[in-house]
Visitor: 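The structure under discussion is supplied below as structure tokens; questions concerning it will follow.
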Amino acid sequence: MTNKNVLIFTGAGISADSGIPTFRDNNGLWENYKIEDVATPNGFHKNPQLVWDFYKQRHDQLKDIIPNAAHHAIPVLEQQLSELGYKTTIITQNIDRLHQAAGSYVYELHGNLHDVKCSQCNFVDYTLKFWENVEIPHCPICNSYLRPNVVWFGEIPNQEAYYIGSDTAENCAALLIIGTSLQVQPAAGLAYRAKQLGAYTIECNLVQHYKIYDTSYKFLRGNAIDTVPVACDIILKRLTPL
Ligand code: BV8
């Protein structure tokens, strides 16, 4: 079975150069907020308005944010690889939709900051209208609190993203990991599994996470805007038949 798959796995670091704070770096989101207060079902139950404020502030910030060169390099690589018969799958942990704004189709493991859903019934809104509310909005169907359509700690990641990511990790020729601390499971497990099963791996980060020093792995230290275009060139060259 030929592995004509390429997996691109991204985290908050790819959007840092667009001005979005990461989670676990200096001055990261988790320095200023406690995860259990704003990113768990229990935190929402205890103080829904605090959670709404946390996500509304992050949602409203996106109005002035645009994709950067790292986001834009990926659809170019996707097209080049598709001409070589490769299928590129992008799994992101991010909820900012910057990959989509740059023209990529991505699977969102942890949801997104665009849609709003009911905390009780199946109501989901895709129109952005509820984000205008300063007061946490109520469901028009059952009157329960609405919430961002993101995956909190203790909640099951997006199943489609998880299983497509798992399938791709089982059989991929190359893995590009961009801007993630690999701290969150089961997301990080996808990247480790792909490498473990032989994918040629490039990590673009400020900090190296894989302690591998053979030719199956390359670490590109630096900002994603600088390292991702280089990584895309390396992967394209490696997968282009001689
Ligand atoms: C699950 C929400 C079961 C939206 C996020 C106890 C109880 C319950 C669960 C657990 C538990 N203990 C452990 C767990 C599992 C838990 C977990 O992993 N906890 C960790 C923290 C210990 N996971 C879960 O709860 C998950 N669900 O386990 O369900 C299950 C599983 C499988 C099947 C069935 C059931 C759900 C996890 C989802 C949590 N929600 N986000 C939001 O608010 O955003 S996670 C959050 O972390 C974000 O989504 C974020 O993307 C993600 C990962 O962080 P990173 O993206 O890596 O960001 P970080 O800041 O950490 O790192 C940035 C990196 O970029 C750094 O390496 C930095 O060096 C680099 N960088 C910075 N600047 C740049 C750069 N790189 C390049 N250029 C730059 N300029």
Visitor: Between N68 and S18, does any side-chain donor sit less than 3.5 Å from a side-chain acceptor?
Guide: yes
Visitor: Any pair with a residue in residues 134-155 that passes salt bridge (Lys or Arg N to Asp or Glu O under 4.0 Å), sequence neighbours left out, goes on the list, sorted by first then second residue, please.
Guide: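 Every pair satisfying salt bridge (Lys or Arg N to Asp or Glu O under 4.0 Å) with a residue in residues 134-155: R147-E155.
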Visitor: Measure the CD1-NZ distance between I65 and K63 for me, rounded to the nearest 0.5 Å.
Guide: 12.0 Å
Visitor: Are side-chain N/O atoms of T10 and T92 paired as donor and acceptor at under 3.5 Å?
Guide: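 Side-chain D/A pair, T10 to T92: present.
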Visitor: Kindly determine whether E108 and R97 satisfy salt bridge (Lys or Arg N to Asp or Glu O under 4.0 Å), including the steps that lead there.
Guide: CA-CA 9 Å; E108 296 170 320; R97 294 213 148 162; 2.9 Å; yes
Visitor: Looking only at side chains, do Q79 and E83 share a donor and an acceptor under 3.5 Å apart?
Guide: yes
Visitor: Do Q57 and D53 pair up side chain to side chain, a donor and an acceptor below 3.5 Å, judged on atom types alone?
Guide: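 Their side chains do not contain a donor-acceptor pair, so the 3.5 Å distance test is not met.
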Visitor: Within the side chain of H71, is there an N or O that forms a donor-acceptor pair under 3.5 Å with the backbone of A102?
Guide: no
Visitor: I'd like to check L81 versus L239 (side-chain heavy atoms, cut-off strictly below 4.5 Å). Are they in contact?
Guide: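 Of all side-chain heavy-atom pairs linking L239 with L81, at least one is under 4.5 Å.
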Visitor: Assess whether atom CG of L50 is packed by more than 12 heavy atoms of other residues, nucleotides or ligands within 6.0 Å.
Guide: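 Check passes, neighbour count above 12.
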Visitor: Are any of the side-chain heavy atoms of Y145 and N143 separated by less than 4.5 Å?
Guide: no
Visitor: Would a distance-only check, ignoring hydrogens and angles, find a side-chain to backbone donor-acceptor pair under 3.5 Å from W131 to Y55?
Guide: no
Visitor: In residues 177-190, what donor-acceptor pairs under 3.5 Å come from side-chain atoms, sequence neighbours left out?
Guide:
| residue | atom | partner | partner atom | Å |
| --- | --- | --- | --- | --- |
| T180 | OG1 | Q93 | NE2 | 2.9 |
| T180 | OG1 | L182 | N | 3.1 |
| Q185 | OE1 | G189 | N | 2.9 |

Visitor: Under the side chain to side chain donor-acceptor pair (under 3.5 Å) rule, what pairs show up with a residue in residues 188-199, not counting sequence neighbours?
Guide: E170-R193, R193-Q196, K195-S216
Visitor: Is there a donor in the side chain of Y107 and an acceptor in the side chain of E160, or the other way round, less than 3.5 Å apart?
Guide: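 No pair is found: no donor N or O on one side chain lies under 3.5 Å from an acceptor on the other.
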Visitor: Given 3.5 Å as the limit, does a donor-acceptor pair link the side chain of D125 with the main chain of V116, or not?
Guide: no
Visitor: Can you confirm whether more than 12 heavy atoms, excluding those of Y163, are under 6.0 Å from its OH atom?
Guide: no
Visitor: Within the 4.5 Å heavy-atom criterion, are V38 and W30 side-chain neighbours or not?
Guide: yes
Visitor: Got F130 and P140 here, is their nearest side-chain heavy-atom distance under 4.5 Å?
Guide: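 Yes, close enough: below the 4.5 Å cut-off.
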Visitor: Please collect all side chain to side chain donor-acceptor pair (under 3.5 Å) contacts where either partner lies in residues 33-43, sequence neighbours excluded, each pair once.
Guide: none
Visitor: Mark yes or no for whether E203, through its side chain, and H209, through its backbone, hold a donor-acceptor pair below 3.5 Å.
Guide: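 Indeed, once roles are kept as given, a pair shorter than 3.5 Å links the two residues.
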Visitor: Report the residues that fulfil side-chain hydrogen bond (donor to acceptor under 3.5 Å, both in side chains) with D115, sequence neighbours left out, ordered by chain and then residue number.
Guide: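 D115 satisfies side-chain hydrogen bond (donor to acceptor under 3.5 Å, both in side chains) with N112 only.
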Visitor: Apply side chain to side chain contact (heavy atoms under 4.5 Å, CB included) to K237 and list each qualifying residue two or more places apart in sequence or on a separate chain.
Guide: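 Scan of K237 (side chain to side chain contact (heavy atoms under 4.5 Å, CB included), adjacent residues dropped) gives D233.
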Visitor: Around atom CG of N122, are there more than 12 heavy atoms from other residues, nucleotides or ligands closer than 6.0 Å?
Guide: no
Visitor: Is the gap between the ring centers of H114 and Y126 under 6.0 Å?
Guide: no
